[in-house]
Amino acid sequence: FSSTTTPNATGRSISLSSPPSDYTQKIDVNPPKGTRDFPPEDMRLRNWLFHHFRQVSELFGFEEVDYPVLESESLFIRKAGEEIRDQLYCFEDKGNRRVALRPELTPSLARLVIQKGKSVPLPIKWFAIGQCWRYERMTRGRRREHYQWNMDIIGVPDVTGEAELISSIVTFFKRIGITARDVGFKISSRKVLQEVLSLYSVPETSFAKACIIIDKMGKIPMEEIKKELKLVELSDDAIEDLLQVLSMKSLTELEEKLGDAGEAVRELKQLFSLAEKFGYSEWIQFDASVVRGLAYYTGIVFEGFDREGKLRAICGGGRYDRLLSTFGGDDIPACGFGFGDAVIIELLKERQLLPEVPVEVENIVCSLDPDLQGAAATVATLLRGKGQCVDLVLESKPLKWVFKRAARINARRLILVGKSEWERGMVNVKILSTGEQNQISLDDLH
Ligand SMILES: CC(=O)Nc1cnc2ccccc2c1
């Protein structure tokens, strides 16, 4: 088809041509509902965040792992009434298999640990940064995907595991300028709930369901909470006792209620003592109302919160000693946390701590003369061979255009290949910040 080109308002030449014959309809250029694109400026911020996730994980001696974003649906089918279950992004594939986009990473970790079996010595310390999915009615306009940083320790039964994990998150916060005045951790244990319910004859299966219901405290009315607890066979007395314990904010109070013989109080005391040794006591507080919304937690649970109380939980985690055995694996203790990529960015915005992550290219190389396009390529390759970043101008553009691009990409130097200099084996080098200009021989260019 014939085409003519005319510069339009943006100065960009467009081809005025009849659309190709297979032109059907203009596609929707937005990503699917609830998902995001990462154009360069957003991708730089994401890379900055993930760089800190990775640096802290390596500082703590954790190894990076990953799993397919697509898993068998059965990995996530739990009958405890979790929100993550209602919102499973699942479907039947063309092989009639029930599959799901992972809503979290921990089940995949459990699957891989079992798969590896005895070939991987304990303790396992793995971390992952993976995209997780949920399918919820867009009525709530919430995102359907986010990236989660996970760190997990498999094979350590003591609360030293949880203490180490909390230390890694504190380390992360400090690295990005968040202090104990901005953020804290609410810490409790599901063994508190277990020890209260053990005073009443409550079926074993009610425990996980009761945790999921209690996690909704503050999100739905108390009447609804009590009603749902009755539905999972908790007596009125058990419910009253439970709600009284859940309002406790001090270990002393809890000890008065449960005594100091139980695991719950002992483990929490040990964790607070370890926090002292790690140097993050000012970051943590006991809060019996924390249970977290995942069914598989069995012991210590914790969540990072913003002290201004404006944002949802920043991160959360805990001990899940039964998950591997429920998947048919050995009875191996485990603990871990998940840290989403959304709330932390909101927090950094709130605290004016968002980093400036500029695009940076050392050199922009160009020739104003079409015959020297090859020479410019030679110069670019020479510099790149020395580890220098080069934005090579790929068409002969007016100098004004080159300066504009150089400014946009923050180039430090403009290398201009001119005819007369090139014949003498020289190029023009301009330091863009100072305007200083020199002719340099190729051999001296570095
Ligand atoms: C604040 C936010 O984006 N939350 C979020 C977004 N997407 C998810 C996807 C799966 C599971 C949890 C998710 C949580």
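In each ligand, atom 1 is the first atom listed, and ligand 1 is the first ligand listed.
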Review point. What's the shortest distance from atom 8 (C) of ligand 1 to any protein heavy atom, and which residue and atom give it?
Key: His146 CD2, 3.4 Å
Practice item. Have a look at ligand 1 and work out which part of Ala342, if any, has a heavy atom under 4.0 Å from it: side chain, backbone, both or neither. Key: side chain
Exercise for review: Would you mind running through ligand 1 and noting each atom that sits below 4.0 Å from a heavy atom of Glu145?
Suggested key: 6 (C), 7 (N)
**Study point:** Option of least heavy-atom distance to atom 5 (C) of ligand 1 (set: Arg144, Glu83, Arg134)
**Key:** Arg134
Review point. What is the ring orientation for Trp133 with Tyr89, classed by angle as parallel under 30°, tilted 30 to 60°, or perpendicular over 60°?
Key: perpendicular
Review point. With under 30° as parallel and over 60° as perpendicular, where do the rings of Phe50 and Phe53 fit, or are they tilted in between?
Key: parallel
Check your understanding: Cationic tip of Arg85 within the cone over Phe76's six-membered ring, i.e. under 6.0 Å and within 45° of the normal?
Key -> no
**Study point:** Cation-pi geometry met for Lys404 and Trp401 (6.0 Å, 45°)
**Key:** no
Review point. Which is closest to atom 10 (C) of ligand 1 in terms of heavy atoms, Trp133, Tyr89, Tyr135?
Key: Trp133
**Study point:** Residues, nucleotides or ligands: over 12 heavy atoms within 6.0 Å of Glu204 CD
**Key:** no
Review point. Any heavy atom of Cys132 sitting closer than 4.0 Å to ligand 1?
Key: yes
**Study point:** Protein residue, atom and distance nearest to atom 11 (C) of ligand 1, heavy-atom basis
**Key:** Pro103 O, 3.4 Å
**Study point:** pair Phe185-Phe173: side-chain heavy atoms closer than 4.5 Å
**Key:** yes
Check your understanding: Taking the non-hydrogen atoms of Arg312, is any one of them nearer than 4.0 angstrom to ligand 1?
Key -> yes
